[in-house]
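First comes the structure, then the notes that go with it.
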Amino acid sequence: MAAVKQSRNLFFRACRLQTRRVLQAMTIAAMERGRRSRGAAAIGAALLLFLAAASLGAHANTDSNDVTALGVFYTTMNSPPQLKNWVSQNGDPCEQSWNGITCSGSRVTAINLSGMNLNGTLGYNMNLLTALVQLDMSNNNLGGSDIPYNLPPNLEKLNLAGNHFTGTTPYSISQMISLKELNLGHNQNSTISDMFNQMTNLTTMDISFNTFSGNIPQSFNSLTSLKTLYMQNNQFSGTIDVLANLPLTDLNVANNQFTGWVPDKLKKINNLQTTGNSLSNGPAPPPPPVAANTPNYKVVQ
C-alpha cells in the first residue's frame, strides 16, 4: 500500500509539474502574439494563463493548521539546517516531503526526528496537529525547561527520551486517551502528577533515569493495559503496592528509595528488577489483628 501511495503521489506531482510547464509555454506564446499583434484579446489571454499557472504553483496540499504548527516548531528548534525542506512560513510538508514527516492525505500523521542533534524545544501550538498519532523526538538536545503543555491530543506513541526536559510532566498527557506508548526516560523531569485515570490504553511506559520523587501516583492502578513499566534510577519512595494488580510482564523499579515488601503478584513477573531499594522479598507480614472491643467498666463510687 505504501508503494502504491508513493507512486500515486509521484504521478500527481509529475502531472502538476507538466501542467505548469504547458501553461508557462502557452503564456509565453500568447504574450509573444500579443506583442506582435498588439491585440488586447491576446494580452488578456496571456494574463489569464499566467494567473492560472501562478495559482497552480501556490496550491498547498497540507492542512493549514498542520503547516502553522510545524512552522512554529521549526522556529522553536532554532531553524535547524539538517531538516531538509523545512521552512518557518508558507511551507507544504506533505507535498514537499519534509524530512521526518509522514502524511495521510493532507494531514500530518507522524513526526520522527530521533537522533538529529536538534536543540531548542517543542512548539507551543502542537495541539493543532490533531491527526498526529506518533511523535518521536528522542535522543536530541531538546529541553532545558518543562515539556510544553499543548501537545498533540490524539497521539498513540510519544517518545521524548534522551533529551533535557525538566520540571513537571504536563497534565495534557493525561488527556491522550489513545496513547499506547509513553517514553520520557533519560531526562531531568522531577514531578509526575496523579493523572493516569483515563489512560487505560497505555501498554508501555518508561520514566526511568529522571529525578522523580515521592510515592507512586495512586492513579497508576488505572493503567489496566500496562505490560511494561520502567521506573529505575529515580528517587521514588514508599511502597510499590499500587502496582500489584496491573497486568505487568516487565517491571523495573531498581535504584529508588522504595520500602516495604514486594507483593506476591509482582513476584510472578519474569522480568522483575527491584535491586537498589529497601524492599523485602520475603513473605509480607499478616495484617494486624482487629482490636477486641474494650469492655465497659462501671466505675464504683
Side-chain angles (χ1 to χ4, degrees), residues 2 5-6 9 13 57-184 187 189 195 198-199 201-202:
K5 180 180 177 182
Q6 184 178 11
N9 289 339
R13 188 178 303 173
H59 175 69
N61 284 341
T62 310
D63 179 86
S64 60
N65 282 334
D66 293 354
V67 173
T68 298
L70 291 180
V72 169
F73 189 20
Y74 183 60
T75 301
T76 60
M77 291 189 294
N78 303 314
S79 305
Q82 62 267 43
L83 294 188
K84 183 180 177 182
N85 295 331
W86 284 59
V87 291
S88 59
Q89 293 182 339
N90 301 322
D92 193 351
C94 297
E95 172 68 15
Q96 297 168 348
S97 301
W98 284 18
N99 189 24
I101 299 298
T102 300
C103 295
S104 177
S106 64
R107 300 306 309 271
V108 175
T109 57
I111 301 174
N112 187 343
L113 297 174
S114 178
M116 295 288 293
N117 197 30
L118 303 170
N119 54 44
T121 189
L122 303 179
Y124 59 79
N125 59 350
M126 297 192 75
N127 56 313
L128 296 177
L129 296 165
T130 55
L132 198 72
V133 294
Q134 180 176 343
L135 175 59
D136 187 350
M137 300 300 302
S138 60
N139 301 316
N140 283 291
N141 298 305
L142 299 172
S145 59
D146 289 7
I147 299 170
Y149 185 85
N150 289 326
L151 296 172
N154 298 313
L155 288 176
E156 296 178 5
K157 297 180 180 180
L158 173 59
N159 190 347
L160 301 178
N163 283 286
H164 305 294
F165 290 109
T166 62
T168 302
T169 53
Y171 189 78
S172 55
I173 290 179
S174 71
Q175 307 303 304
M176 299 177 187
I177 58 176
S178 299
L179 195 65
K180 298 176 181 177
E181 298 179 15
L182 173 63
N183 193 342
L184 304 178
N187 280 281
N189 296 297
M195 62 181 190
Q198 299 184 76
M199 304 182 69
N201 290 309
L202 196 66

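Note that the structure is a prediction, hence the values are computed from the model and not measured. Only this structure's heavy atoms are used, side chains among them; waters, hydrogens and symmetry mates stay out.
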Is there a donor-acceptor contact under 3.5 Å from the side chain of [X] to the main chain of [Y]?
X: Asn183; Y: Ala161; value: no
X: Asn112; Y: Gly100; value: no
X: Asn140; Y: Ser138; value: yes
X: Asp63; Y: Asn65; value: yes
X: Thr102; Y: Thr109; value: no

In residues 173-182, what donor-acceptor pairs under 3.5 Å come from side-chain atoms, sequence neighbours left out?
{"residue": "Ser174", "atom": "OG", "partner": "Tyr171", "partner atom": "O", "Å": "2.6"}

Measuring from [X]:[atom1] to [Y]:[atom2], what's the distance to the nearest 0.5 Å?
X: Glu156; Y: Leu132; atom1: CD; atom2: CG; value: 10.0 Å
X: Leu151; Y: Ser172; atom1: CG; atom2: OG; value: 4.0 Å
X: Leu158; Y: Leu135; atom1: CG; atom2: CG; value: 5.5 Å

Between Ser106 and Asp66, what is the shortest heavy-atom contact and its length?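 Shortest heavy-atom contact: O-OD2, 4.1 Å.
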
So which heavy atom on Asp146 is nearest to which on Gly167, and how close?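 Answer, listing the atom of Asp146 first, then Gly167: OD1-CA, 3.2 Å.
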
List the atom pairs, with distances to 0.1 Å, where a side-chain N or O of residues 116-129 and a protein N or O form a donor-acceptor pair under 3.5 Å, not counting sequence neighbours.
{"residue": "Asn117", "atom": "OD1", "partner": "Asn141", "partner atom": "ND2", "Å": "3.0"}
{"residue": "Asn119", "atom": "OD1", "partner": "Asn78", "partner atom": "ND2", "Å": "2.8"}

Pairs in or reaching into residues 117-141: which pass salt bridge (charged side-chain N to carboxylate O under 4.0 Å, His left out), with residues at least two apart or in two chains?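 Of all non-adjacent pairs touching residues 117-141, none passes salt bridge (charged side-chain N to carboxylate O under 4.0 Å, His left out).
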
Please indicate whether Gln82 has more than 12 foreign heavy atoms, meaning atoms of other residues, nucleotides or ligands, lying under 6.0 Å from its CD.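 Yes, enclosed.
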
With under 30° as parallel and over 60° as perpendicular, where do the rings of Trp86 and Phe73 fit, or are they tilted in between?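 Judged by the thresholds at 30° and 60°, the geometry between Trp86 and Phe73 is perpendicular.
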
